[in-house]
There are 2 protein chains.
Amino acid sequence: MKKDFIYLAKLQDYYRDHRVLPSYRTMTEVLGLASKSAVHALIARLIDEGFVSKTPDRRIAPSDRFFERPLAQSAVRAGMPSFVEDSVSDSMAVDHYLIDNPTHSLLVPVQGDSMINAGIHDGDIAIIDTMLSYKAGDIVIADIAGEVTLKTLVRDEGLWALKPENPDYPLIQPKDEWRVVGVLVGLMRKYR
Amino acid sequence: MKKDFIYLAKLQDYYRDHRVLPSYRTMTEVLGLASKSAVHALIARLIDEGFVSKTPDRRIAPSDRFFERPLAQSAVRAGMPSFVEDSVSDSMAVDHYLIDNPTHSLLVPVQGDSMINAGIHDGDIAIIDTMLSYKAGDIVIADIAGEVTLKTLVRDEGLWALKPENPDYPLIQPKDEWRVVGVLVGLMRKYR
DNA sequence: TTTCTTATAGAACGATTGTTCTTATTGTTA
DNA sequence: TAACAATAAGAACAATCGTTCTATAAGAAA
């Protein structure tokens, strides 16, 4: 129903402000309904349409569609990117987009231009997952005798080697003890 | 306390999976505690340290610090960015880092390789501020006769022009009506 | 060791939760 | 118009909530 989207918008606003969905009783206030059973029915509809879901312990949680916004596709078609009004949940989406495993994630500032041809610049922040298994071709953070460096992991004559993405730098064939600290899973950069 | 960070990590993982914090009873299971009062005390501590907060209707919500990730110091002394450091190593929230003005921000997927030499790749997500004033040298999203494009804004013979950062593409000197939609303030990219 | 502090367990409490039911209202279709 | 479906109100319910208390266990400091 059309009115449901108005309710949904109010819930999105509430979620943006509090990062939690309110209880049914509070929803009656937030949504302007007088009864919990009306809220109950609404939530049932929203669950049906995939906007919210229930956790194992019966809590109401936003699901993927809850965060959906008219974004890229409409941007291309309409010719104009639609503006982001509901921003915090969008910035939360940023966190969600970049970080899969909060517990295993590590942010490492990039130094130097040894990876410039991979589009990784000095000052960028690399998002590293420390629990992911690595394979040849991955960009990884390696710890070589206490020195930490970001390079592409490759096989070289049957051994692991670390390849800079910049012809000015040599291939590194670690001799000392070394290990892969984590795998690059994301990158962020700030302008201005 | 040191153990609190382990508990926090488990809550972060739960939140990642469900987008809600569980009830105290469920927390006992998630955290491996036997009593709700232990959870109660833990939450009180986490509130104290700013990781979680309470909503008006007494629900537990994550707050800013909840989303912070450990940030490795640029000059890594010990040689290794240990991320389960008990002492509070530097940390930051990715959404706060990337988005200054949520209300004015817009996320636009990058298409094509016309900005490759600026380290902006196909598939990257550009973070645009639509309220910032622009000047020559800024990378901007421009709307040219309904077509949206990301380019470097330059002066060319006294007029604004849009320069791709890729020699294969020509300088754009807009003749039709056009306007700057916003200025590039951030970039994010996902690997794997 | 002993003392002191902090963390956890366990039980009990009233308050609040989400659910379910019936009844009224609203909107839509024939 | 009448008939039907969808939505909302209102009351009642057991289940679960978060809180609070005391008691025990674990650590840290002296």
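Note that this is a predicted model, so its numbers are computed, not measured. Sequence lines set the chain letters: A, B, ... in the order given, protein chains first and strands last, and positions in each chain run from 1.
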Counterpart residues, salt bridge (Lys or Arg N to Asp or Glu O under 4.0 Å), relative to [X] (two or more places apart):
X	answer
B:Asp100	A:Lys190
A:Arg58	none
B:Lys36	none
A:Asp64	B:Arg19

Separation of [X] atom [atom1] from [N] atom [atom2], in whole Å?
X	N	atom1	atom2	result
B:Asp57	C:dA15	CG	P	17 Å
A:Leu33	C:dT26	CG	P	14 Å
A:Met27	C:dT19	CE	C1'	14 Å
B:Ile60	D:dC17	CD1	C1'	10 Å
B:Glu49	C:dT6	CD	C1'	13 Å
A:Ile43	C:dT20	CD1	C1'	17 Å
A:Asp4	D:dA8	CG	C1'	12 Å
B:Arg45	C:dT5	CZ	C1'	13 Å

Between C:dT8, D:dC17, D:dA8, which nucleotide has the shortest distance from any of its atoms to the side chain of B:Ser23?
D:dC17
Which nucleotide, C:dT8, D:dA8, C:dA9, lies nearest any side-chain atom of A:Ser35?
D:dA8
Side-chain N,O (B:Arg25) to OP1/OP2 (C:dT17) below 4.0 Å:
no
Side-chain N,O (B:Arg59) to OP1/OP2 (D:dC17) below 4.0 Å
no
Can any side-chain N or O of B:Arg69 pair as donor or acceptor with the backbone N or O of B:Val94 at less than 3.5 Å?
no
Can you name the atoms? Protein N/O to nucleotides 23-29 of chain D N/O, anything below 3.5 Å, with the distance.
none

When the nearest nucleotide of DNA chain C is assigned to B:Leu42 and to A:Pro22 on a heavy-atom basis, which residue is associated with the more 5' position?
B:Leu42
Between A:Asn101 and A:Thr103, is any side-chain donor less than 3.5 angstrom from a side-chain acceptor?
no
Identify every side-chain donor-acceptor pair in residues 134-141 of chain A under 3.5 Å, counting partners at least two apart or on other chains, and give the distances.
from, atom 1, to, atom 2, distance (Å)
A:Lys135, NZ, A:Asp138, OD1, 3.4
A:Asp138, OD2, A:Lys135, N, 2.9
A:Asp138, OD2, B:Arg192, NH1, 2.8

Please go through B:Leu171's hydrophobic cluster and name the other residues, only I, L, V, M, F, W, Y counting, with side-chain heavy atoms under 4.5 Å joining them.
B:Val154
Decide, yes or no, whether a salt bridge links B:Asp13 with B:Arg16 under the criterion of side-chain N to carboxylate O below 4.0 Å.
yes
Which residues pass the ring-ring contact (aromatic ring centres under 6.0 Å, His included) test with A:Tyr14, not counting sequence neighbours?
A:His18
Enumerate the protein-to-nucleotides 19-21 of chain D contacts in which both atoms are nitrogen or oxygen and the separation is below 3.5 Å.
from, atom 1, to, atom 2, distance (Å)
D:dT19, OP1, B:Lys54, NZ, 2.5
D:dT19, OP2, B:Tyr24, OH, 3.1
D:dT19, OP2, B:His40, ND1, 2.9
D:dT19, OP2, B:Lys54, NZ, 3.3

Can you list the residues that meet the side chain to side chain contact (heavy atoms under 4.5 Å, CB included) rule with B:His121, with sequence neighbours excluded?
B:Ile116, B:Asp124, B:Arg189
Residue set satisfying side chain to side chain contact (heavy atoms under 4.5 Å, CB included) with B:Pro170, at least two apart, ordered chain then number -> none
Could you tell me whether A:Ala41 contacts a base, only the sugar-phosphate backbone, or nothing, with contacts defined as non-hydrogen atoms closer than 4.0 Å?
nothing
Roughly what angle, to 10°, lies between the helix axis at the start of the helix from C:dT1-D:dA30 to C:dA30-D:dT1 and the one at its end, five pairs per end?
40°
